[in-house]
Amino acid sequence: MDELRGLKPLQQPEWPDQGVLEQVITELRTLPPLVFAGECDDLTTKIGAVARGEAFILQGGDCAETFAGVTAENIRAKLRVLLQMSVVLQYAASVPVVKIGRIAGQYAKPRSSGEETREGVTLPSYRGDAVNGFDFTPESRIPDPQRLRGVYNAAAATLNLTRAFTTGGYADLHQVHAWNTDFVKSSPVGRRYEQLASEIERALAFMRACGATSDEFRTVDFYASHEALILEYEHALTRIDSRTEQPYDVSGHLLWVGERTRQLDGAHVEFLASLSNPLGVKIGPTTTPEYIRALIDKLNPKGIEGRLTFITRMGAGKIRSALPPLLEAVRDHGSPIAWVCDPMHGNTFETPNGYKTRNFDDVMDEVQGFFDAHEQVGTWPGGVHMELTGDDVTECLGGGEELVAEDLVNRYETACDPRLNRHQSLELAFLVAERLRGAQA
């Protein structure tokens with residue numbers, strides 16, 4: 001860790017008490033892994049299929065998880081919408097879907113400014129529950145190292161419940177109708193999903209009649225991912241695998257580095273390069289072909305399939321011009337890279353009534369542009385990365401419900417960035433399924 005500190009990592013909390021931090025880190029080093037190295041290897045294999053154009057990644061969850069959000073209902077709601085989206089993609093587009101949550105670790109957020117001012121009062125910015133509190137008070141905003149222990153406990157509880165849901169019957173394909181019982185029946189996307197669920201049920205009934213049953217219909221493989229931002233925490237949860245003698249960060253299956261911390265000579269990229277986990281890197285519109293080739297050489301020098309995923313966050317107005325040169329550079333480099341579209345972060349703006357939001361049309365347009373760019377270059381559009389929730393929040397404008405700025409006051413509940421609600425998430429899934437059918441042609 002001293003070597004990483006020497007690289008002066010960006011976006012790190014200014015902990016007021018180093019002694020307390022060291023105590024917490026020492027304890028974290030002794031705790032059991034949250035995920036297992038073998039699971040990470042399984043995910044690498046699955047992402048390898050994505051890099052070959054044989055599968056598709058669905059990655060989604062909260063912008064910033066909160067400790068208060070670690071409830072059975074919240075976790076089930078997020079899992080439900082991801083399962084519904086994956087069913088739409090897998091059945092309508094006939095492609096295997098790798099299911100990855102922004103879950104059980106997304107408790108820290110990078111910020112453009114270290115301070116926030118309201119009505120003449122300036123306090124440290126909220127950096128996620130891993131660091132400080134959301135309430136705008138001096139006491140709440142002081143970085144507290146004890147919160148890192150809370151991250152571990154919250155992640156453990158979330159993973160425990162997620163595994164119970166995905167293996168205990170909730171993810172059974174025969175339950176596709178049950179996932180929809182509380183959906184608004186007047187919603188066009190709800191009716192469309194219900195029609196698809198009926199088709200799936202008829203297909204399953206036919207297979208049962210033929211004597212074909214399979215455990216694959218009853219359980220799903222579900223993986224956890226988050227941005228590896230607070231290096232003290234991530235380093236403390238790095239373990240040497242007894243099978244391979246290789247280091248894995250056991251805080252999550254897939255770790256990614258963000259747009260603000262992906263410097264080639266920076267501490268975050270150096271840390272990720274040392275791991276055996278599958279890795280992700282957020283790629284913005286200023287990225288150059290030269291940089292992206294150097295990044296591949298740094299993070300995947302052996303050319304391992306499934307090791308490295310690029311998550312594009314260009315903005316709807318830039319993706320069609322900015323992405324093709326990068327796709328060509330990676331194609332010509334020859335390294336097996338999976339490409340995933342994050343259509344959320346490049347399309348954020350503030351409404352006149354003061355809410356940070358995104359327009360659903362922009363999100364949809366960036367996804368379309370992602371597919372257009374891959375079609376132009378002849379490469380595989382490997383997945384989508386969404387900030388979403390299973391709740392009926394009002395945080396992003398537009399969609400089938402035609403939300404407008406005045407609606408944001410009703411249920412604006414995010415701790416940081418606006419998320420797609422359940423209706424908007426399913427609308428997007430149907431669009432992606434249609435484009436995937438075209439990409440396979």
Side-chain angles (χ1 to χ4, degrees), residues 60-66 68-69 74 77-78 81 102 106 109-129 133-137 140-141 184 187-189 227 258-260 282 284-285 312-320 341-370 384-429 431:
D62 285 320
C63 165
E65 294 178 282
T66 63
N74 282 344
K78 278 185 281 192
V81 71
R102 284 175 60 107
Q106 192 61 17
K109 293 294 294 182
R111 304 312 300 256
S112 55
S113 174
E115 294 180 332
E116 178 184 359
T117 300
R118 299 185 192 176
E119 299 179 353
V121 177
T122 299
L123 296 175
S125 295
Y126 171 64
R127 289 185 173 273
D129 277 13
F134 184 76
D135 293 339
F136 192 73
T137 65
S140 174
R141 292 297 175 90
V184 180
S187 163
V189 70
E227 181 177 356
E259 178 84 344
R260 294 184 177 96
K282 289 290 188 77
T312 66
R313 41 156 298 171
M314 302 288 182
K318 299 177 180 178
I319 189 166
R320 289 174 177 83
C341 175
D342 169 2
M344 308 295 289
H345 285 90
N347 296 303
T348 306
F349 64 95
E350 188 171 308
T351 61
N353 57 346
Y355 286 88
K356 185 193 291 186
T357 190
R358 290 147 177 164
N359 193 304
F360 186 62
D361 287 345
D362 293 336
V363 173
M364 296 274 275
D365 188 45
E366 181 154 355
V367 173
Q368 294 277 23
F370 178 73
V384 289
H385 178 120
M386 317 299 302
E387 289 183 337
L388 56 79
T389 175
D391 300 324
D392 292 325
V393 299
T394 54
E395 296 173 3
C396 291
L397 305 180
E401 301 164 290
E402 300 181 348
L403 297 179
V404 296
E406 289 72 23
D407 295 320
L408 299 180
V409 301
N410 296 328
R411 288 194 64 182
Y412 194 95
E413 301 174 1
T414 181
C416 192
D417 290 338
R419 304 161 295 175
L420 299 180
N421 63 27
R422 189 178 176 191
H423 297 258
Q424 293 164 332
S425 299
L426 275 179
E427 283 185 70
L428 187 71
L431 165 73

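No hydrogens, no waters, no symmetry mates; every other heavy atom, side chains included, goes into these values.
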Does any N or O in the side chain of [X] come within less than 3.5 Å of the main-chain N or O of [Y], such that one atom is a donor and the other an acceptor?
X	Y	answer
Ser113	Glu115	yes
Asp407	Thr394	no
Asp391	Val393	no
Tyr412	Lys356	yes
Asn347	Ala316	yes
Arg141	Pro124	yes
Glu227	Gln106	no
Thr414	Arg419	no
Glu427	Gly399	no

Heavy-atom closest pair, residues [X] and [Y]:
X	Y	answer
Met344	Cys396	CE-SG, 4.5 Å
Leu397	Phe349	CD1-CZ, 3.9 Å
Gly369	Ile319	CA-CG2, 3.8 Å
Asp342	His345	OD2-ND1, 2.6 Å
Phe360	Leu420	CD1-CD2, 3.8 Å
Cys341	Val367	SG-CA, 4.3 Å

*asked:* Would Glu413 and Thr389 count as a side-chain contact (heavy atoms from CB on, under 4.5 Å) here? Give the steps.
replied: CA-CA 10 Å; Glu413 301 174 1; Thr389 175; over 6 Å; no
*Residues that Asp129 engages under salt bridge (charged side-chain N to carboxylate O under 4.0 Å, His left out), provided they are two or more places apart*: none
*Less than 4.0 Å between a side-chain N and a carboxylate O, is that true for Asp62 and Lys78?*
yes
*Would you kindly say whether His385 and Arg313 are connected by a side-chain donor-acceptor distance under 3.5 Å?*
no
*Considering only heavy atoms from C-beta outward, does the side chain of Glu401 approach that of Asn421 to under 4.5 Å?*
yes
_Side-chain heavy atoms of Phe134 within contact of Thr66, under 4.5 Å_ = no
Output the distance between atom [atom1] ([X]) and atom [atom2] ([Y]), rounded to the nearest 0.5 Å.
X	Y	atom1	atom2	value
Asp135	Leu123	CG	CG	11.0 Å
Leu408	Thr357	CG	OG1	5.0 Å
Glu116	Arg127	CD	CZ	11.5 Å

*Given the rule in the side-chain contact (heavy atoms from CB on, under 4.5 Å) test, do Arg320 and Gln368 qualify, once you have shown the distances and angles that lead to the verdict?*
CA-CA 9 Å; Arg320 289 174 177 83; Gln368 294 277 23; 3.7 Å; yes
_Passing option when Arg358 is tested against Glu387, Glu366, Glu395 for salt bridge (Lys or Arg N to Asp or Glu O under 4.0 Å)_ =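 So, applying the salt bridge (Lys or Arg N to Asp or Glu O under 4.0 Å) to Arg358 and each of Glu387, Glu366, Glu395, only Glu387 qualifies.
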